[in-house]
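Quick notes on the structure that follows.
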Protein chains: 2
Amino acid sequence: MSKRVTAKQVAEELNISIMTVSRALSGSPNVDHRTKEKVIETARRLGYVPNQIAKSLALQKTDTIGVVVPEITHSFFPEAIRGIEKVTYSAGYHLILTHSAENAEREMDALKTLAAKRVDGILISTAESVTDYDIYSDIMNLKIPTVFYDRCVMGIGASCVCVNDKHGAKKITEHLIEHKYKKIAHLCGPLSVSIGRLRLAGYKKALQDHNLVFSEDYVVESGFHEDGGFRAMDKLLDLPEKKRPRAVFAVNDPAAFGAMKAIFKRGLSIPQDIAIVGFSDDIRAELLPVPLTTIRQPAFEVGKKAVEKLIGHIENEEEKIDKIVIDTEIIIRKSCGCN
Amino acid sequence: MSKRVTAKQVAEELNISIMTVSRALSGSPNVDHRTKEKVIETARRLGYVPNQIAKSLALQKTDTIGVVVPEITHSFFPEAIRGIEKVTYSAGYHLILTHSAENAEREMDALKTLAAKRVDGILISTAESVTDYDIYSDIMNLKIPTVFYDRCVMGIGASCVCVNDKHGAKKITEHLIEHKYKKIAHLCGPLSVSIGRLRLAGYKKALQDHNLVFSEDYVVESGFHEDGGFRAMDKLLDLPEKKRPRAVFAVNDPAAFGAMKAIFKRGLSIPQDIAIVGFSDDIRAELLPVPLTTIRQPAFEVGKKAVEKLIGHIENEEEKIDKIVIDTEIIIRKSCGCN
DNA sequence: TACTTTAATGTTAACGTTAACATTATTATA
DNA sequence: TATAATAATGTTAACGTTAACATTAAAGTA
């Protein structure tokens, strides 16, 4: 940072006090309009750019929101960020972006950074490998307003905004059941992550409600990525022919993409041999050779609602801790065997 | 920001000076190891979190890099951000993300914000609608190290990292020429943006080198988005049958997607009736019903190289202004009529 | 032991801004 | 005109940290 023009220099140029410069520039009343004009003109002429850092220190407010993203290349997150950004822009907040890369340690690092940077609030979607919630409590203890989005941690006193995971999972599993599939497997996410648990729960509930037996063999952990989906599906395909599932519900679309590859690799067809459905409506889902039946998660909406809630917490002590659930929609394409 | 524990409180707790606390915590030498341990223990016990804002003000350095992104949902950008993030994380910098939404005014706003936040450097990819480069000069005048990535502005003394746009455009146009197509159109980007100009230039050069006539009628501005691609293609399809192009090179993949929709809508086939190629290798390109032949832009690499250069400028006065060009690769799929 | 070197700690000022209070200039009122 | 009210400007301190210099304590050296 080279030495920049400060309010002091503007003041000296005009032989007035720094405070008058500050007032003129921030538009407070009780400033002679001629003084104000002179200040504005001089500030422009000298190339004065207010120093937000100093302002933040003085006012104990940074007008900045920290966002923790587990994996920026998952199409859900750029969409969510757009929702976040739209709101923060009009509300006058800025964004510090941190990336946990699905890694618990990096996530902790990110949160510490955000705390040190004195962000006014934090938006976080937990990383896949997180098993220890202490760091979240630390943040809560620091009284930094925090809202979880999409992948939430409940019961630690933070608001969260998520989609109706359990219900969506149940809905799409039931869709498979309606196709008369009996042997339905689930590629599940890490159970340390809310959406992993909830989608599994929805799957189980659907089976139960329709009197289908639940079998541990039909639940294989895939994680949230394509390679995990491939490996998990491979495991299912290794089952003896008789036990092989007839349909699969993957915890998210990338995992489903991997699973599809594994199925094709064995020379099997979708949905003729095995039907498959996903969750999240990745932008690629409808473009696949066999378009994927899935659950649409309104990512933009999740991001938007989450910041709105967060800004509520920041600006209003009384704002209630909430759990906001956004509805999902089932998108029926070819991979389930409907049409 | 509620009142947090400060170094002062840690110092008072131990009856020592703030400076000793600061030294112990920042690992400077000349601190008694027993004192150091006590300080660290007390800091942890009291829940001390160093205040980066105060530190930034004192040191005139924020360890923060500002990134301006034109459209976060374009798959190029999340990839580029990952490249950026990987480098900044290990180098100890943080990221402020700003979104111009392809809008010149918002871009200006973003740059002003970044200047006010006293970022150590700026990474920017210009918005589609920018026609006035004054704001960039303002930033240069403030001596904020700046590197352009992907969409660059040359000749204002900033380094830039881009792909070999002209060469890539030429290469893929020539690929069409090799297929014996004569009537080749181009859906071009805004000419105010470097990549718009360069890709058009590559297209022209390819025609020229192969003695094909260039016609203004075959260049239609589409912008960078799907809807623009659709409209531009529609315009081409409105030409009398005799004049209708046999092949199309779109400025980027989203524009190509829109164009494909327009072609299908008229009941025409790709590549039988019209061949089409794009640029950028969007994650969706290979999944389309007719997979798109395109130019792969190594987004991760562009991001990575750009921050590396930027950090060079930040940490080393002598760092040379550079134009770094990254090679592209042609990805041949079905839409050009190859196989 | 007296003196020098070095290690450990302390003090002051600065980074650039704003809030709170203090002062001065201007205008309105009796 | 004298006095009160108000508008305009100024002064001081604070936000939390670190660099630079100052001091004191401890350890070597002659």
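Nothing here was measured: the structure is a model prediction, and the numbers come from that model. The sequence lines fix the lettering, A, B, ..., with proteins before strands; numbering per chain opens at 1.
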| Under 4.0 angstrom, heavy atoms only, what part of the nucleic acid is A/Thr20 near: base, sugar-phosphate, or nothing? | sugar-phosphate

| request: Give the B/S/- string for nucleotides 19-27 of chain D, one per nucleotide from 5' to 3', where a protein heavy atom under 4.0 Å of the base yields B, of only the sugar-phosphate yields S, and otherwise -. | output: BB-------

| said: Does any part of the side chain of A/Thr98, heavy atoms only, come nearer than 4.5 Å to the side chain of A/Leu114, both counted from C-beta? | reply: yes

| request: May I ask you to test the B/Ile65-B/Leu310 pair for a side-chain heavy-atom distance under 4.5 Å? | output: yes

Note: [X]-[Y] ion pair, threshold 4.0 Å (strictly below):
{"X": "B/Glu85", "Y": "A/Arg106", "value": "yes"}
{"X": "A/Glu308", "Y": "A/Lys86", "value": "no"}
{"X": "A/Lys320", "Y": "A/Asp322", "value": "no"}

Counting side-chain heavy atoms from CB outward, which of [options] is closest to [X]?
{"X": "B/Asn51", "options": "D/dG16, C/dG16, D/dT18", "result": "D/dG16"}
{"X": "A/Ser17", "options": "C/dT17, D/dT11, D/dG16", "result": "D/dT11"}
{"X": "B/Ser22", "options": "C/dT17, D/dT18, D/dT17", "result": "D/dT18"}

Calculate the interatomic distance between [X] atom [atom1] and [N] atom [atom2]; express it in whole Å.
{"X": "A/Gln9", "N": "C/dT17", "atom1": "CD", "atom2": "P", "value": "9 Å"}
{"X": "A/Leu46", "N": "C/dG16", "atom1": "CG", "atom2": "P", "value": "15 Å"}
{"X": "B/Leu57", "N": "D/dT18", "atom1": "CG", "atom2": "P", "value": "12 Å"}
{"X": "B/Ile53", "N": "C/dT18", "atom1": "CD1", "atom2": "P", "value": "15 Å"}
{"X": "B/Ile18", "N": "C/dA14", "atom1": "CD1", "atom2": "C1'", "value": "14 Å"}

| Quick one: side-chain hydrogen bond (donor to acceptor under 3.5 Å, both in side chains) partners of B/Glu37, sequence neighbours excluded? | none

| note | Residues at least two apart in sequence or cross-chain that pass ring-ring contact (aromatic ring centres under 6.0 Å, His included) with B/His313, listed by chain then number, are none

| message | Does C/dG16 have OP1 or OP2 under 4.0 Å away from a side-chain N or O of A/Thr6? | response | no

| query | Does a nitrogen or oxygen in the side chain of B/Gln60 sit under 4.0 Å from OP1 or OP2 of D/dT18? | reply | no

| request: May I have all residue pairs that pass ring-ring contact (aromatic ring centres under 6.0 Å, His included) and include part of residues 88-141 of chain A, sequence neighbours excluded? | output: A/Tyr133-A/Tyr136, A/Tyr136-A/Phe148

| note | Ordered by number, residues from residues 25-38 of chain A within less than 4.0 Å of DNA chain D (heavy atoms) are A/Asn30, A/Val31, A/Asp32, A/Thr35

| task | Any pair with a residue in residues 11-25 of chain B that passes salt bridge (charged side-chain N to carboxylate O under 4.0 Å, His left out), sequence neighbours left out, goes on the list, sorted by first then second residue, please. | result | B/Glu13-B/Arg45

